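Working notes, beginning with the structure itself.
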Protein chains: 2
Amino acid sequence: MVVTLKDIANRIGKSVTTVSRALHDYNDVSPETKELVHQVAEEMGYSPNTLAQRLQKRQSDTIGLILPTFGPRFSDPFFSELLAGIGNKAVSLGYDLLVSTSSPGERELQIYKKMVNGRRVDGFIVVRTRKEDRRVEYLLEKDFPFVAFGRVGINNEFPYVDEDGAYGMRSIAKHLVTLGFTNIGCIAPDPQLTFASSRVDGLRAGLTDHGITLDEDYVCIGDLTQSGGYKQANCLLDKLHPPSAIVACNDLMAFGAMSAIQDRGLIVGEDVAVTGFDDIPMAEHTHPPLTTVHQPVYQIGGMVCEMLIKRIQGVPMDDEHLVLKPSLIVRKSCGEK
Amino acid sequence: MVVTLKDIANRIGKSVTTVSRALHDYNDVSPETKELVHQVAEEMGYSPNTLAQRLQKRQSDTIGLILPTFGPRFSDPFFSELLAGIGNKAVSLGYDLLVSTSSPGERELQIYKKMVNGRRVDGFIVVRTRKEDRRVEYLLEKDFPFVAFGRVGINNEFPYVDEDGAYGMRSIAKHLVTLGFTNIGCIAPDPQLTFASSRVDGLRAGLTDHGITLDEDYVCIGDLTQSGGYKQANCLLDKLHPPSAIVACNDLMAFGAMSAIQDRGLIVGEDVAVTGFDDIPMAEHTHPPLTTVHQPVYQIGGMVCEMLIKRIQGVPMDDEHLVLKPSLIVRKSCGEK
DNA sequence: GTAGTTTTCCAAAACGTTTTGGAAACAATT
DNA sequence: AATTGTTTCCAAAACGTTTTGGAAAACTAC
């Protein structure tokens, strides 16, 4: 049924070794034999059994990505773009991508362990890092190759790519202050996430630089979805002195905030300003278009993937720690300039 | 370094066979030996090498999913939800999920071939089917297991799950007619996609039922992204007699249409009605909330995954062809009730 | 004590590759 | 003619499992 090296060998009356070496173009096989082997292999429709090759190589040529989903309806455009970036780079470098999904927690860690123990993958890409991250602790302890998108609370002794969230938020702060906003609310992510602090702290620092303090009562915590942004924006708007600008820590929550504002008959960009973070493609076509901070997510996917493969193959990386400066994208959600 | 059966066997002075059988709880191993094996295995931290097991079983226990991405910035919440549905079901049934990304075309087919020939996966989930679909032709010809989400133009002799797009669109048509709309525009997907016709035809039929004809000039083709919806809505609105209702064939394009309307100072739901299709989570929190047709994408992911695994294992399926009736979700983008 | 049965074990083969370490055949050099 | 070198090949081992087909040892029944 399925053609193996042995079948080819039997057919041409040579050994399996010779067939294998002929196909790999070793120079201890005569040109005539090579020609014959290639021809017969082609004719019989031979393709090597990847599993056998991998067992022999003791490499799975596969990288693992476990997406942290929150709730069953996981629907985040950010991750689909990251996935495309990782996936395309992986195929171009000859690696498979093994994807799993799990909400953070014990089950998630079990999946990592299962993959490591069963040698199913050669390394991981860890995304949405947390301040105390069991995943990176585990992988570090096992000395298992991985590259993270994001950093952890302490001891970042592993390769990562991260964006300078504080810098991005300072840009936002400066932009808002320049436009005259002083009463500012913020929708932050779960504080266990590393990027929560860097972004919120960046915002606070940026405002302080201009003599404005961010009231802690005006920092709400959302779940990074549009629905979460909607709810938290409502909290903010229900206050006695509602903020005139809402800084959401990702675009999805910013969209929710915009809806909350509009549902009250207020106009985004006139009555209340809104900003986001990430610059997902949808941000360009909301009404009004969202002022946000751009992260090259697709490219980042490619970068982490490439770094991981270098790590796996023992090729030195140009730079183990990459921190990208995100850029402010001014659109119209904070009013016309 | 890594513990194998042989290590355990050496340590306790038994054969590899016995250790293997003890771990699998065969009854030709004495209780004492079993106990000992388990204990030592535990102590040495043994985990079987998945690659070796798979080679021996001649099964990869892996299912393949190749996402058709359009352009580098692939950012579709629909697919992340589907992925979560497939992924969670796969781990719960002990399968790995191999994900790749490619834009439709020759390269895409190459990826399928590579996976099939190298026996890297035991089956595929094919998504976003086309009327003439090289992928299903290929898999059918190779008699390789797969389950599709969606149908093809002719000869649907393979297991699939699909939604009744025509039915969904008829609901939309009826809803709009009931609300008094007569001048209707449509933003359709690429007509090569199977669901393009079923949806547009369904709309047309639904309108005809109520004595309204869908003007072909009022059917534009969008690329299923928000940006595409924005552009095509503008085309529609630029007409001499612009439609008073825009029916988009997915939610993302509906969002774009809403922005286009709002950018002209018009009010969605008052001046122009908009409808979508899919009911992605974001649809609930746009302004106004989007009237659309609900597809249980997460569940569908689980279903196709389960069907595929049955197909792979030769277990008969309850039903090889599942066509789901989507339900109309009335919100506010066509005006208050 | 013998024949049969049950319990417990294992060597060897198999899965499909790649690598190792020669060996045979022939040619070139002294 | 003996030595060295080159070309071409391959048997065997290895990767880490599981399965097959016994076989030895220990009981059971008469």
Side-chain angles (χ1 to χ4, degrees), chain A residues 1-38 40-41 44-62 94 96 114-122, chain B residues 1-38 40-41 44-62 94 96 114-122:
Chain A
M1 179 61 233
V2 167
V3 183
T4 69
L5 286 183
K6 204 196 224 175
D7 298 324
I8 301 178
N10 288 342
R11 164 86 162 268
I12 64 173
K14 303 260 160 176
S15 74
V16 168
T17 308
T18 301
V19 175
S20 171
R21 314 207 105 216
L23 290 172
H24 286 88
D25 210 31
Y26 277 67
N27 59 7
D28 63 354
V29 181
S30 77
E32 300 79 42
T33 310
K34 270 186 197 169
E35 177 57 32
L36 179 64
V37 167
H38 276 102
V40 172
M44 298 178 80
Y46 170 77
S47 279
N49 181 315
T50 328
L51 253 36
Q53 287 181 315
R54 288 175 177 176
L55 174 60
Q56 152 71 31
K57 273 200 303 185
R58 257 138 309 177
Q59 289 247 350
S60 64
D61 289 346
T62 302
D96 281 347
K114 197 173 66 180
M115 304 249 170
V116 170
N117 290 331
R119 273 80 86 207
R120 296 197 209 192
V121 300
D122 295 338
Chain B
M1 181 56 234
V2 166
V3 183
T4 69
L5 286 183
K6 203 196 225 176
D7 298 325
I8 301 179
N10 289 341
R11 164 89 161 267
I12 64 173
K14 303 257 161 179
S15 76
V16 167
T17 307
T18 301
V19 174
S20 172
R21 313 207 103 216
L23 290 171
H24 285 88
D25 210 31
Y26 277 67
N27 59 8
D28 64 353
V29 181
S30 76
E32 301 79 44
T33 311
K34 270 185 195 168
E35 177 58 31
L36 179 63
V37 167
H38 277 103
V40 171
M44 298 177 80
Y46 170 76
S47 274
N49 182 315
T50 329
L51 253 37
Q53 288 181 314
R54 289 175 176 175
L55 173 59
Q56 152 70 31
K57 273 201 302 185
R58 259 140 305 174
Q59 289 249 352
S60 65
D61 289 345
T62 302
D96 281 346
K114 199 172 65 179
M115 303 249 171
V116 170
N117 290 331
R119 273 79 87 206
R120 296 198 209 191
V121 299
D122 295 336

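Throughout, a chain's letter reflects where its sequence line sits, starting with A, and its residues are numbered from 1. Just so it is clear, the model here is predicted, and its values are computed rather than measured.
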- Query: Minimum heavy-atom separation for B:Thr50 to A:Gly118, with atom names?
  - Reply: OG1-O, 2.5 Å
- Message: Does B:Arg54 reach a base, just sugar-phosphate, or nothing at all? Heavy atoms under 4.0 Å.
- Response: nothing
- Message: Below the 4.0 Å mark, does D:dC10 have OP1 or OP2 next to a side-chain nitrogen or oxygen of A:Thr18?
- Response: yes
- Correct closest heavy-atom pair for A:Leu23 and A:Ala41 would be CD2-CB, 4.1 Å
- Message: Over all strands shown, is A:Lys57 touching base, sugar-phosphate only, or nothing at heavy-atom distances under 4.0 angstrom?
- Response: nothing
- Enclosure of B:Lys6 NZ (heavy-atom neighbours >12, cutoff 6.0 Å): no
- Query: Under 4.0 angstrom, heavy atoms only, what part of the nucleic acid is B:Lys14 near: base, sugar-phosphate, or nothing?
  - Reply: sugar-phosphate
- Using atom NZ of A:Lys34 as one end and atom P of D:dT7 as the other, report the distance to the nearest whole Å. 12 Å
- Message: From CZ of A:Arg58 over to C1' of C:dT18, roughly how many Å is that when rounded to an integer?
- Response: 9 Å
- Please report the shortest heavy-atom distance between B:Leu5 and B:Tyr46, naming the atom on each side. CD2-OH, 3.4 Å
- Considering only heavy atoms from C-beta outward, does the side chain of B:Val19 approach that of B:Ile12 to under 4.5 Å? yes
- Message: So A:Ser47, base contact, sugar-phosphate only, or nothing? Heavy-atom distance under 4.0 Å.
- Response: sugar-phosphate
- Answer yes or no: does a side-chain N or O of A:Ser30 lie under 4.0 Å from OP1 or OP2 of D:dC9? yes
- Message: Output the rounded distance in Å from CG (A:Leu55) to C1' (D:dC15).
- Response: 4 Å
- Comparing B:Thr33 with B:Arg119, nearest DNA chain C nucleotide closer to 5' gives the residue B:Thr33
- Task: May I have the distance from A:Asp61 (atom CG) to D:dC15 (atom P), rounded to whole angstrom?
- Result: 19 Å
- Hey, what bend do you get for the helix from C:dG1-D:dC30 to C:dT30-D:dA1 if you fit axes on five pairs at each end, rounded to 10°? 60°
- On DNA chain D, check which nucleotide each of B:Tyr26 and B:Ala52 is closest to and give me the residue with the more 5' one. B:Ala52
- Query: Taking CG from B:Leu36 and C1' from C:dT8, how many angstroms apart are they, rounded to a whole number?
  - Reply: 14 Å
- Task: Kindly indicate whether the side chain of A:Val37, heavy atoms from C-beta on, has any atom under 4.5 Å from the side chain of A:Lys14.
- Result: no
- Item | Shortest non-hydrogen contact between A:Arg58 and A:Gln56, atoms and distance | NH2-O, 2.9 Å
- Item | Protein-nucleotide distance (B:Glu32, atom CD; D:dA25, atom P), rounded to Å | 18 Å
Protein-nucleic acid N or O pairs under 3.5 Å, nucleotides 11-13 of chain C:
unit_1, atom_1, unit_2, atom_2, d
C:dA11, N7, B:Thr17, OG1, 3.4
C:dA11, N6, B:Thr17, OG1, 2.8
C:dA12, N6, B:Thr17, OG1, 3.2

- B:Arg54 side chain reached by B:Asp61 side chain, heavy atoms, under 4.5 Å: yes
- Query: So, do B:Ile8 and B:Met44 sit near enough that their side-chain heavy atoms are less than 4.5 Å apart?
  - Reply: yes
- Message: What is the separation between atom CD on A:Gln53 and atom C1' on C:dT19, rounded to the nearest whole Å?
- Response: 14 Å
- Query: Can you check whether B:Lys114 reaches B:Arg120 side chain to side chain, under 4.5 Å on heavy atoms?
  - Reply: yes
- Message: How many whole angstroms separate atom CG of B:Leu5 from atom P of D:dT19?
- Response: 12 Å
- Message: Of the options D:dT17, C:dG16, D:dT20, whose atoms approach the side-chain atoms of A:Asn49 most closely?
- Response: C:dG16
- When all nucleic acid strands are considered with a 4.0 Å heavy-atom cut-off, which category describes B:Asp28: base, sugar-phosphate, or nothing? base
- With respect to the phosphate group of D:dC15, does any side-chain polar atom (N or O) of B:Thr4 fall under 4.0 Å of OP1 or OP2? no
